[in-house]
Amino acid sequence: MASLGVGLHVIRRRGAGRSAVVERRNLLTVCRFSVKTLLDRSCFETIDDSSPEFVNFVSILEHILSHRLKGQTTWFGYESPRSFWDYLKAACSKVPHNCIRSIESMENVRSSKAKGRAWIRVALMEKRLSEYISSALKDLKITRRFYEDGAIMLGEEAGLLADTLIGLNTIDFSFCLKGESLDGSFPAVIDYTPYLKYIQNADSISSDEEEMRTLGSSGSESSTPDKMATAASIFTEQSNLVSKCKRFEQKYRMSLEQKGYLEELVGLREAQLSEAVSHNKALQQSLADTHLSHKLEKEQLEYIVLELQDQLTVLKNNDLQSRQELTAHLTNQWPSPVALDTNAVALDTLLYRKSTGQWGEYVDEFTSSSTAPSETPSLRGLCGSLTSVASYKSLASLKSSECLASPATEISSPGFTPS
């Protein structure tokens with residue numbers, strides 16, 4: 001009995017291990033198919049909450065993140081169910097510029113399951129779902145604290161999951177975070193039918209024909225085996241033709257869509273090319289006009305420079321000639337040194353007589369001798385100019401406090417009468 005119990009225990013363990021492996025493989029495979037269908041669908045329409053492919057993908061991802069998730073132990077030793085949002089909140093808190101706080105502050109999202117679904121949508125709109133999953137998987141301590149052994153998040157397949165989710169960064173998602181899709185009251189159910197396909201080979205067709213013959217012979221005794229075989233072959237051929245026709249029709253529609261897309265793309269490229277050619281021609285014409293205007297401006301500036309150089313040369317020659325004429329004129333007009341000495345002696349004599357009171361006698365003597373020829377005409381002019389009051393006043397600039405008397409004193413003296 002003991003050996004029988006041990007054998008049953010081993011069988012149960014093997015069955016549990018196999019079921020866990022099959023479950024992980026099924027979830028990862030269907031997740032890969034779901035990502036592929038989302039990529040295909042995004043080429044034709046925008047992905048939102050109403051897309052069945054997206055709803056199925058979210059359900060698959062929730063099952064993966066909730067696979068073998070540990071419960072939360074209370075103070076009394078009981079385990080309460082836990083959502084994958086608790087794990088994501090702890091593991092993704094160190095990701096720079098994360099959306100954890102924004103989701104926690106949402107008013108219409110209260111339950112942890114609804115917050116987890118909102119996080120999936122926000123991460124997809126931010127194109128960072130793969131980044132969040134990769135960062136969470138790197139923190140093994142937190143991951144082991146939330147998941148049991150055998151979970152997908154603790155296996156080697158988790159890295160493949162993050163790599164698979166990178167392709168979703170090419171899709172522009174648009175979601176409304178206030179709808180009923182975030183309600184955590186209903187469970188996430190995976191629809192496997194879009195990913196199931198039965199391929200019928202030749203052996204299966206023959207077995208179906210035999211089954212049809214058997215059913216036909218048992219149902220109607222008047223039917224002969226030849227007629228039943230003919231009907232079965234006709235039915236099989238018809239079904240094959242219908243399936244081929246559907247495949248060809250699908251390929252034809254796809255080809256038409258690709259043809260329309262390519263024609264539109266070619267038309268767009270031709271329009272862009274013609275616009276670029278016309279723009280290039282306009283730029284070349286503008287460059288030629290600019291080059292011509294610069295050339296004309298350069299020639300004008302060169303002509304102006306030459307003209308200014310000629311004017312500068314003429315001005316330099318005129319300045320040199322004027323300097324020479326001025327030097328010659330000043331040299332001819334300047335008195336000789338002998339005349340300057342004679343005038344200086346006469347001026348000293350005049351100043352001396354003025355200081356000693358002999359001014360009147362000297363003026364009379366000089367006036368009486370003015371008719372006689374003099375060898376110093378410059379002194380005569382000086383003395384003649386001194387006979388007037390104005391000329392006398394002009395000597396005030398030459399007087400000194402020691403030699404010259406004040407003009408007011410001399411004018412008030414009774415012995416001098418200005419003419």
Side-chain angles (χ1 to χ4, degrees), residues 27 30-31 34-35 37-38 41-42 45-74 78-139 142-143 145-147 151-153 158 161-162 164-191:
L27 287 175
V30 77
C31 180
S34 178
V35 171
T37 55
L38 278 176
R41 179 62 62 180
S42 64
E45 62 183 17
T46 305
I47 304 297
D48 53 9
D49 289 323
S50 61
S51 300
E53 293 84 3
F54 172 75
V55 174
N56 210 25
F57 167 75
V58 172
S59 301
I60 295 169
L61 189 59
E62 287 186 23
H63 277 79
I64 291 175
L65 294 175
S66 303
H67 183 250
R68 300 184 71 85
L69 184 66
K70 291 181 181 180
Q72 187 175 5
T73 306
T74 61
Y78 299 102
E79 285 190 1
S80 60
R82 177 183 285 176
S83 173
F84 64 91
W85 167 247
D86 300 329
Y87 165 69
L88 294 172
K89 183 172 60 175
C92 299
S93 59
K94 298 181 181 179
V95 178
H97 308 290
N98 59 75
C99 59
I100 303 298
R101 291 185 178 179
S102 60
I103 294 174
E104 286 284 353
S105 61
M106 288 183 180
E107 297 180 356
N108 60 321
V109 181
R110 298 180 180 179
S111 63
S112 59
K113 185 178 290 187
K115 290 181 181 178
R117 292 176 178 177
W119 173 84
I120 293 175
R121 287 162 173 78
V122 173
L124 287 172
M125 288 191 291
E126 291 181 352
K127 303 181 185 297
R128 301 179 64 188
L129 181 60
S130 176
E131 179 184 354
Y132 282 121
I133 297 297
S134 300
S135 301
L137 292 175
K138 290 179 181 178
D139 197 342
I142 295 179
T143 306
R145 182 160 59 92
F146 280 87
Y147 288 95
I152 296 177
M153 301 299 290
L161 173 65
T164 304
L165 297 177
I166 293 179
L168 298 177
N169 296 340
T170 60
I171 304 176
D172 296 328
F173 292 95
S174 178
F175 304 116
C176 178
L177 301 180
K178 296 182 180 181
E180 298 178 355
S181 58
L182 300 180
D183 188 10
S185 59
F186 60 91
V189 181
I190 302 175
D191 185 11

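It should be emphasised that the depicted structure is a prediction, and the values quoted were computed from it without experimental measurement.
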Using side chain to side chain contact (heavy atoms under 4.5 Å, CB included) as the criterion, list what pairs up with [X], not counting sequence neighbours.
X: Ala162; result: Ser130, Ile133, Ser134
X: Val55; result: none
X: Arg128; result: Val95, His97, Glu126, Glu131, Tyr132
X: Ser112; result: Ser83, Trp85, Asp86

Under 3.5 Å, side-chain donor or acceptor atoms of residues 169-177 against the rest of the protein: list the pairs with distances, not counting sequence neighbours.
{"residue": "Asn169", "atom": "ND2", "partner": "Ile166", "partner atom": "O", "Å": "3.4"}
{"residue": "Thr170", "atom": "OG1", "partner": "Gly167", "partner atom": "O", "Å": "2.8"}
{"residue": "Asp172", "atom": "OD1", "partner": "Lys127", "partner atom": "NZ", "Å": "2.7"}

pair [X]-[Y]: side-chain heavy atoms closer than 4.5 Å:
X: Leu88; Y: Leu65; value: yes
X: Glu104; Y: Lys115; value: yes
X: Ser59; Y: Val189; value: no
X: Cys92; Y: Asn98; value: no
X: Arg121; Y: Val58; value: yes
X: Arg117; Y: Lys113; value: yes
X: Leu124; Y: Ile47; value: no

- [ ] Could you go through the side chain to side chain contact (heavy atoms under 4.5 Å, CB included) check for Glu62 and Ile120 one step at a time?
- [x] CA-CA 9 Å; Glu62 287 186 23; Ile120 293 175; 4.2 Å; yes
Atom [atom1] of [X] and atom [atom2] of [Y]: how far apart are they, to the nearest 0.5 Å?
X: Trp119; Y: Met106; atom1: CH2; atom2: CE; value: 13.0 Å
X: Arg68; Y: Met153; atom1: CZ; atom2: CE; value: 14.5 Å
X: Ile152; Y: Leu137; atom1: CD1; atom2: CG; value: 11.5 Å
X: Phe57; Y: Cys31; atom1: CZ; atom2: SG; value: 5.5 Å

Task: Residues that Thr164 engages under side-chain hydrogen bond (donor to acceptor under 3.5 Å, both in side chains), provided they are two or more places apart - done: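 Checked Thr164 against side-chain hydrogen bond (donor to acceptor under 3.5 Å, both in side chains); zero matches.
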- [ ] List for me each residue that meets side-chain hydrogen bond (donor to acceptor under 3.5 Å, both in side chains) alongside Thr143, sequence neighbours excluded, and say none if there are none.
- [x]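 If we apply the side-chain hydrogen bond (donor to acceptor under 3.5 Å, both in side chains) test to Thr143, skipping adjacent residues, the hits are Tyr87.
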Task: Closest approach of Ile60 to Val30 (non-hydrogen atoms, all atoms of both residues) - done: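 Distance-wise, the nearest heavy atoms are CD1-O, 3.6 Å.
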TODO: Please report the shortest heavy-atom distance between Ser102 and Ser105, naming the atom on each side.
DONE: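 That would be O-OG, 2.9 Å.
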Task: Set of residues satisfying salt bridge (Lys or Arg N to Asp or Glu O under 4.0 Å) with respect to Arg41, sequence neighbours excluded - done: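 Glu45, Glu53.
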Task: By ring-ring contact (aromatic ring centres under 6.0 Å, His included) - contacts of Phe84 (at least two apart) - done: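 If we apply the ring-ring contact (aromatic ring centres under 6.0 Å, His included) test to Phe84, skipping adjacent residues, there are no hits.
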- [ ] State whether a side-chain donor-acceptor pair under 3.5 Å links Asp48 with Ser51.
- [x]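 Their side chains do contain a donor-acceptor pair, which is all the 3.5 Å distance test asks for.
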TODO: Would you confirm whether Asp139, through its side chain, and Ala91, through its main-chain N or O, come within 3.5 Å as a donor-acceptor pair?
DONE: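 Side chain of Asp139 to backbone of Ala91, a donor-acceptor pair under 3.5 Å: no, none is there.
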